[in-house]
> 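Dumping the structure here so I can ask a few things about it.
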Amino acid sequence: MPAKSAQRNVKKVATETRFQGIAGSPGVATGPVLLLRQNRPNIRRRPITPDQIAGELDRLEVALLRTRQQIVEAQERLASSVGKAEAAIFEAHLLVVEDPTILQGVKAQLAERLVSVESVYQDITSSLADQMLALEDDYLRERAEDIHDVSRRVLQNLRAPGEAGVDITQPSVIVADALSLTDLMATDRSRLLGFATEQGNRMSHAAIIARSLNIPAVVGLRDVVDEVENGMEVLLDGISGLLILLPGEQTKFEYGKMEERRHRVEEQLDTLRETLASTKDGHRVIVSANVELPEDFPHVSESGAEGIGLYRTEFLFINRNDFPTEEDQTEIYRKAAQTAKPHSIIIRTLDIGGDKAAQLITGDEVESNPFLGWRGIRLCLDRLDLFKVQLRAIARASTEGNVRIMFPMVSDLAEVRRAKALLAEAVAELRAEGVPVPEKIETGVMIEVPSAAMTADLLAKEVDFFSIGTNDLVQYTMAVDRLNERVSSLYQPCHPAVLRFLSRIAEEAHKSSIWAGICGEMAGDILLTPLLIGLGIDELSMGSGSVPRVKKAIQSVNYEECVALARQHLASSSHEETLRSLTEFARKTYPDLII
Ligand code: PEP
Ligand code: MG
């Protein structure tokens with residue numbers, strides 16, 4: 001990645017300045033900035049003793065060797081796909097890896113400063129890059145980019161999977177060019193007031209996790225990192241997608257009022273916890289919760305959700321140095337199943353890949369199109385060692401009596417048949433070992449790939465339910481990367497193509513007497529609730545924070561008017577037109593919920 005921040009003009013703001021991004025996770029946070037740049041990651045300055053110096057140098061040597069190997073591999077890939085001349089650009093990177101002055105500097109500073117090798121290496125490479133940037137010579141200025149690139153790789157290689165995370169020493173709002181899911185999960189969240197990133201979209205998993213942990217977030221902000229500095233006061237508005245630098249008194253007052261109002265509405269919504277989600281004319285919809293981490297479990301019943309509609313188990317595999325054992329997994333799945341009672345839980349098998357790369361499984365392998373690559377069920381069917389363990393653990397936990405299992409990223413009927421056969425095999429093995437497993441475990445597939453949506457009639461005959469992963473279905477239908485803020489205007493959940501898919505999937509499910517739910521982010525958007533009901537969706541599963549609002553929206557509408565709305569919008573010609581009309585409908589029908 002080019003050292004874009006180093007090339008920009010740095011001009012810090014002096015008065016209140018607003019940056020519009022994408023609302024990532026609702027809530028408002030005010031506090032000092034902790035600034036992070038991918039090019040200069042926030043490295044922990046761990047003190048060391050003199051007898052640890054040799055060990056630190058060994059760690060650096062291993063990381064440099066690994067970096068060298070990665071560069072050579074990248075060079076070979078580029079040479080075979082584009083050409084040898086283009087691949088020569090990596091020569092400059094190799095020179096940085098082997099640069100003796102950097103190594104001598106590290107040795108000297110380690111002894112002098114007695115801090116971990118990553119902070120010494122980072123300081124030396126950063127100051128070298130800064131010196132190059134200060135020169136007139138264009139060639140040398142470009143070398144600064146090479147130094148940043150190599151330094152970032154080396155620092156990544158120095159960092160073990162368990163050492164991710166941001167060093168956050170006081171309550172702060174993180175402002176970053178990018179914040180990886182791995183880092184977010186490993187950061188001390190008691191001090192994280194909120195985060196704002198240049199990269200990302202509402203559907204990036206860092207934003208999804210922020211919503212489930214109730215951390216306000218704004219993503220997809222353009223060119224903000226160069227305008228802020230550590231400690232600067234900011235107000236982050238995760239509802240409108242605004243980051244306000246140096247907020248004035250009037251702004252703070254207005255936000256205070258807005259928060260009061262939000263609080264009042266939330267108190268009213270609390271009273272709905274025990275009520276059912278039915279329309280005014282008695283059409284029932286199941287409203288359930290999505291969970292990612294064990295710390296989400298208590299929020300499920302607090303929110304009034306009817307069980308867990310999606311448990312994203314891949315989060316068990318991120319930020320670990322080893323694989324969770326069958327015993328560990330069984331215990332966690334059991335706990336999750338108990339959380340969902342008296343309702344059911346849908347445990348989704350590993351959906352590693354895309355932006356949820358667990359280094360533990362995928363290693364250093366970098367795919368050119370991760371979202372079209374080795375992901376979800378594809379990876380599981382190749383890694384039976386992992387998949388069988390997970391299937392056995394889910395089967396064991398299903399003696400709780402309320403467990404369903406679901407396969408992600410299915411694009412072909414054969415994958416479902418194979419996955420079901422492996423589940424049957426795991427169950428047979430367990431029974432042969434004398435481990436109890438219930439007679440039947442309901443299975444479902446996620447419909448999130450256009451080929452699955454188009455063959456919903458075939459898939460429906462194989463399973464007990466469908467759960468539509470709209471985050472991916474929109475991405476693959478519109479051919480728009482769900483993380484790429486540059487094309488986010490094309491990420492259109494209400495595009496006629498998406499709505500037609502949703503209607504078709506529900507219809508095919510019902511023809512085969514199975515139900516169809518949605519567990520993507522569309523399920524928790526109150527503007528869309530009437531439309532989804534009208535399209536025939538039976539279940540909506542969402543971050544538990546959205547449950548009370550969606551319940552209230554369902555209780556405010558008539559089923560017949562939802563059907564009419566769906567019919568009208570299936571014939572609509574654009575996402576914007578549908579969204580405008582749905583917003584108008586929501587303002588009229590449940591104005592209190594629109595803040
Ligand atoms: C989806 O794609 O809508 C979904 C729920 O799965 P994930 O966001 O984990 O890909
Ligand atoms: Mg998905």
Side-chain angles (χ1 to χ4, degrees), residues 1-8 10 34-48 52-75 88-160 163-167 176-180 182-183 198 225-226 229-230 364 366:
M1 174 177 207
K4 58 177 182 175
S5 51
Q7 289 177 331
R8 290 183 198 153
V10 177
L34 173 62
L35 181 61
L36 289 183
R37 293 170 195 268
Q38 240 194 2
N39 286 330
R40 294 181 187 200
N42 180 285
I43 296 289
R44 290 162 206 247
R45 278 173 208 279
R46 179 170 41 84
I48 58 165
Q52 289 174 318
I53 292 176
E56 290 295 285
L57 284 171
D58 286 348
R59 287 180 57 228
L60 179 62
E61 198 177 312
V62 172
L64 289 173
L65 277 173
R66 198 159 175 206
T67 307
R68 193 176 195 293
Q69 191 189 343
Q70 288 165 346
I71 295 171
V72 170
E73 279 168 15
Q75 191 173 29
I89 55 170
F90 283 110
E91 291 302 325
H93 287 201
L94 289 173
L95 288 179
V96 178
V97 177
E98 286 150 11
D99 188 333
T101 49
I102 297 179
L103 280 182
Q104 279 154 15
V106 170
K107 275 184 196 157
Q109 287 204 20
L110 266 182
E112 205 175 292
R113 294 170 50 198
L114 291 179
V115 289
S116 52
V117 73
E118 14 313 55
S119 34
V120 170
Y121 186 83
Q122 185 187 37
D123 290 348
I124 290 179
T125 48
S126 289
S127 100
L128 200 61
D130 286 348
Q131 285 168 28
M132 302 259 179
L133 275 177
L135 300 172
E136 291 292 307
D137 185 325
D138 279 350
Y139 172 79
L140 289 175
R141 287 171 61 90
E142 275 176 26
R143 296 290 69 80
E145 277 186 34
D146 298 330
I147 294 172
H148 275 309
D149 269 0
V150 170
S151 171
R152 196 161 45 82
R153 263 185 203 271
V154 171
L155 291 170
Q156 262 166 14
N157 287 332
L158 272 168
R159 202 165 71 160
E163 279 179 2
V166 178
D167 203 4
D177 44 5
L179 185 65
S180 77
T182 314
D183 275 332
E198 291 189 342
V225 158
D226 283 342
E229 57 195 15
N230 273 315
D364 288 333
V366 180

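As the structure is a prediction and not an experimental result, all values here were calculated from the model.
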> Does any N or O in the side chain of Asn230 come within less than 3.5 Å of the main-chain N or O of Leu35, such that one atom is a donor and the other an acceptor?
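Yes.
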
> Leu110 versus Ile48: any side-chain heavy-atom pair under 4.5 Å?
yes

> Apply side chain to side chain contact (heavy atoms under 4.5 Å, CB included) to Leu65 and list each qualifying residue two or more places apart in sequence or on a separate chain.
none

> Restricting to side-chain hydrogen bond (donor to acceptor under 3.5 Å, both in side chains), what partner residues turn up for Gln131, sequence neighbours left out?
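For Gln131 there are no side-chain hydrogen bond (donor to acceptor under 3.5 Å, both in side chains) partners, ignoring immediate neighbours.
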
> Indicate yes or no: at least one non-hydrogen side-chain atom of Thr125 is less than 4.5 angstrom from one of Val150.
no

> Kindly give the heavy-atom pair with the smallest separation between Ile124 and Gly105, and that separation in Å.
CD1-C, 3.2 Å

> Can you tell me how far CG of Asn157 sits from CZ of Arg66, rounded to the nearest 0.5 angstrom?
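The CG atom of Asn157 is 5.0 Å from CZ of Arg66, to the nearest 0.5 Å.
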
> Given side chains that start at C-beta, do those of Val117 and Ile53 come closer than 4.5 Å, heavy atoms only?
no

> For residues 92-133, which residue pairs qualify under ring-ring contact (aromatic ring centres under 6.0 Å, His included), counting only residues two or more places apart or in two chains?
Phe90-His93

> Show the nearest heavy-atom pair for residues Ala92 and Asp146, with the distance to one decimal.
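Looks like CB-OD2, 3.4 Å.
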
> If the condition is side-chain hydrogen bond (donor to acceptor under 3.5 Å, both in side chains), which residues does Gln104 pass it with, not counting sequence neighbours?
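Applying side-chain hydrogen bond (donor to acceptor under 3.5 Å, both in side chains) to Gln104 gives none.
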
> Holding to side chain to side chain contact (heavy atoms under 4.5 Å, CB included), I want the full list of residues that pass it with Leu135, two or more places apart in sequence or in another chain.
Leu140

> Is there a side-chain contact between Gln69 and Val72 in this structure, where contact means two heavy atoms from C-beta onward sitting under 4.5 Å apart?
no

> So which heavy atom on Val96 is nearest to which on Ile102, and how close?
O-CD1, 4.0 Å

> Mind checking side-chain hydrogen bond (donor to acceptor under 3.5 Å, both in side chains) for Asp99 and listing every partner two or more places apart, or none if nothing turns up?
Thr101

> Just to verify, what does Leu103 make a side chain to side chain contact (heavy atoms under 4.5 Å, CB included) with, not counting sequence neighbours?
Leu60, Leu64

> Quick one: list whatever passes side chain to side chain contact (heavy atoms under 4.5 Å, CB included) with Glu61, sequence neighbours left out.
none

> Which pair of non-hydrogen atoms, one from Thr67 and one from Val97, has the smallest distance, and what is that distance?
CG2-CG2, 4.1 Å

> CZ/Arg46 to CD/Glu56 distance, rounded to the nearest 0.5 angstrom?
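Arg46 atom CZ to Glu56 atom CD measures 5.0 Å (nearest 0.5 Å).
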
> What residues form a salt bridge (charged side-chain N to carboxylate O under 4.0 Å, His left out) with Glu98, not counting sequence neighbours?
Arg68

> Taking salt bridge (charged side-chain N to carboxylate O under 4.0 Å, His left out) as the test, write out the residues that go with Asp123, two or more places apart.
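For Asp123, the residues satisfying salt bridge (charged side-chain N to carboxylate O under 4.0 Å, His left out) (neighbours in sequence not counted) are Arg45, Arg113.
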
> Which atom pair, heavy atoms only, marks the closest approach of Val115 to Ser119?
CG2-OG, 3.7 Å

> Nearest 0.5 Å, what's the CD-CG distance between Glu91 and Leu94?
5.5 Å

> Minimum heavy-atom separation for Pro47 and Gln52, please, with both atom names.
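Closest approach of Pro47 to Gln52, heavy atoms only: O-OE1, 4.5 Å.
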
